[in-house]
Amino acid sequence: MAIYDLADDRLKVQVNSLGAEMCRISDLYTNSEYLWRGEERYWKRFAPILFPVVGSMRDKQYTYKGVTYHMPQHGFARDLEFSLVSRAVDEIWFELKDNEETLQMYPFHFSLRIGYRLKGRTIEVTWVVRNTGDETMYFSIGGHPAFYCPEPKKHQTDYMFSFDTARKLVFDKLNDAGLIATDDNTLLLNGGLLPITRGMFDEDALIFENNQAHRVSILRMNYTPYVTVEFDAPVFGLWSPAKKNAPFICIEPWYGRADRADFAGNLEDREWGNRLEPGDLFRRSYRITV
């Protein structure tokens with residue numbers, strides 16, 4: 001495990017080779033910290049990569065070609081060591097390949113590359129998945145960055161969300177097993193704005209499907225943006241630990257999501273899943289601006 005630095009004249013970013021996980025975004029002038037630094041009492045992670053699944057599978061398992069495999073929530077990539085591929089002052093790339101451990105959970109040969117590029121006040125995060133096997137590969141991938149509520153004596157309810165849409169948003173809720181339980185819940189926006197209310201995350205994440213928004217910001221109460229996440233992903237989640245009033249909020253772009261509570265299909269039948277033919281690659285990015 002090693003920590004690597006990226007820096008320009010304003011920001012410093014740190015990335016851990018364990019999970020290829022970004023673990024710090026710092027303003028060099030103000031000493032402000034934007035990325036949650038991890039505390040066991042709230043959440044020990046920072047911005048994990050979710051692969052080869054996003055969310056939970058029913059009973060933490062799935063079936064492929066008649067064989068049942070066990071898979072932890074959000075997959076295994078976040079807990080494995082990545083190899084350093086290349087490094088520059090403002091850009092770094094890591095890679096994870098299948099091995100004996102991954103093949104016990106996921107019977108596909110793959111290469112997963114994670115890249116971070118720093119430009120001004122924006123960090124671009126890029127995922128490149130390649131099917132290195134000889135059969136169709138099925139997977140999901142997503143981000144899970146956690147952002148501080150900026151002022152140390154303030155709470156989530158002192159901030160609001162801003163979306164790049166003014167229409168209402170429909171979201172899914174999860175049950176106690178982390179599976180989709182309901183999908184007809186509604187948030188009414190006021191000019192694209194939504195106050196963060198106490199108890200908003202007491203039933204776990206809010207999950208938004210069908211390309212309802214592609215830019216989400218956390219705003220201070222004077223309407224100035226604190227952090228903005230832009231993405232092309234068709235699904236995104238908003239999350240903070242349930243009933244803890246934690247000092248951070250996650251904005252999560254996803255290509256995939258948890259199973260429905262009544263899902264009984266095979267791996268290839270999962271909603272919002274992705275497929276890759278042998279030799280093909282899947283490349284997607286999202287951007288964080290502070």
Side-chain angles (χ1 to χ4, degrees), residues 6 13 15 20-22 25 34-35 47-55 74-75 77-78 90-96 110-131 137-147 161-172 180 183 187 189 192-194 205-219 225-239 249-258 270-277 280-290:
L6 301 177
V13 174
V15 185
E21 181 177 8
M22 185 166 50
I25 304 174
Y34 291 91
L35 199 65
I49 306 300
L50 316 182
F51 176 88
V53 300
V54 172
H74 293 320
R78 61 183 183 169
D90 59 354
E91 187 169 359
I92 193 166
W93 282 88
F94 299 89
E95 183 177 41
L96 176 70
F110 67 87
S111 163
L112 169 62
R113 289 197 174 195
I114 309 295
Y116 297 90
R117 184 169 68 95
L118 178 59
K119 186 176 182 180
R121 300 193 66 84
T122 297
I123 303 108
E124 183 175 46
V125 184
T126 301
W127 309 312
V128 181
V129 183
R130 184 182 294 274
N131 182 350
M137 172 182 165
Y138 301 91
F139 71 97
S140 299
I141 192 166
H144 201 320
F147 303 103
F161 289 119
S162 172
F163 302 90
D164 61 342
T165 179
R167 64 183 181 179
K168 67 180 182 181
L169 296 175
V170 177
F171 67 96
D172 304 335
I180 300 293
D183 59 5
L187 292 175
L189 306 183
L193 302 179
L194 179 72
L206 312 183
I207 300 172
F208 303 84
E209 302 181 51
N210 298 305
N211 293 285
Q212 294 183 68
H214 291 107
R215 185 180 70 247
V216 183
S217 301
I218 298 173
L219 305 186
Y226 167 66
V227 64
T228 297
V229 180
E230 297 177 274
F231 48 87
D232 295 324
V235 184
F236 71 95
L238 301 175
W239 178 81
I249 294 171
C250 296
I251 303 173
E252 310 177 38
W254 294 341
Y255 295 86
R257 60 147 172 75
R270 297 188 76 224
E271 294 178 302
W272 297 107
N274 307 280
R275 59 183 289 164
L276 271 178
E277 298 305 322
D280 287 351
L281 63 82
F282 173 100
R283 182 185 181 103
R284 299 292 188 276
S285 299
Y286 75 94
R287 294 155 301 284
I288 299 168
T289 301
V290 299

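What you see is a predicted model, and the numbers here were worked out from it, not measured in a lab.
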[X] [atom1] to [Y] [atom2] distance, which is reported to the nearest 0.5 Å:
X	Y	atom1	atom2	result
Y34	I288	OH	CD1	12.5 Å
L112	I114	CG	CD1	4.0 Å
I218	S162	CD1	OG	11.0 Å
F110	L96	CZ	CG	4.5 Å
W239	L206	CH2	CG	12.0 Å
E230	R215	CD	CZ	6.0 Å

Criterion side-chain contact (heavy atoms from CB on, under 4.5 Å) on R283 and T126, from CA distance to verdict: CA-CA 7 Å; R283 182 185 181 103; T126 301; 4.0 Å; yes
Between F147 and Y226, does a ring-ring contact (aromatic ring centres under 6.0 Å, His included) hold up when you go through it step by step? CA-CA 10 Å; F147 303 103; Y226 167 66; 7.8 Å; no
Any donor-acceptor pair under 3.5 Å linking the side-chain atoms of W93 with those of E95?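 No donor-acceptor contact under 3.5 Å links the two side chains.
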Is a donor on one side and an acceptor on the other found under 3.5 Å between the side chain of [X] and the backbone of [Y]?
X	Y	answer
Y116	A20	yes
E21	A47	yes
R121	V290	yes
D164	H214	yes
H74	V54	no
D172	I180	no
W254	G143	yes
N274	F139	yes

Which atom of [X] lies closest to which atom of [Y], heavy atoms considered:
X	Y	value
L194	L187	CD2-CD1, 3.6 Å
R167	L189	O-CD1, 3.1 Å
W272	P234	CZ3-CB, 3.5 Å
V53	G75	CG2-N, 3.3 Å
D232	Y255	C-OH, 3.6 Å
L35	I25	CB-N, 3.8 Å

Taking the six-membered ring for Trp, are Y286 and W127 closer than 6.0 Å centroid to centroid? yes
Determine whether [X] and [Y] make a side-chain contact, defined as any pair of heavy atoms from C-beta on separated by less than 4.5 Å.
X	Y	result
V216	F163	yes
T165	Q212	no
L238	F171	no

So F236 and F231, would you call those rings parallel, tilted or perpendicular, with 30° and 60° as cut-offs?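 Ring orientation, 0 to 90° scale: tilted.
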Test: R270 cationic atom under 6.0 Å from Y138 six-membered ring centre, within 45° of axis: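 Cation-pi check for R270 and Y138: fails.
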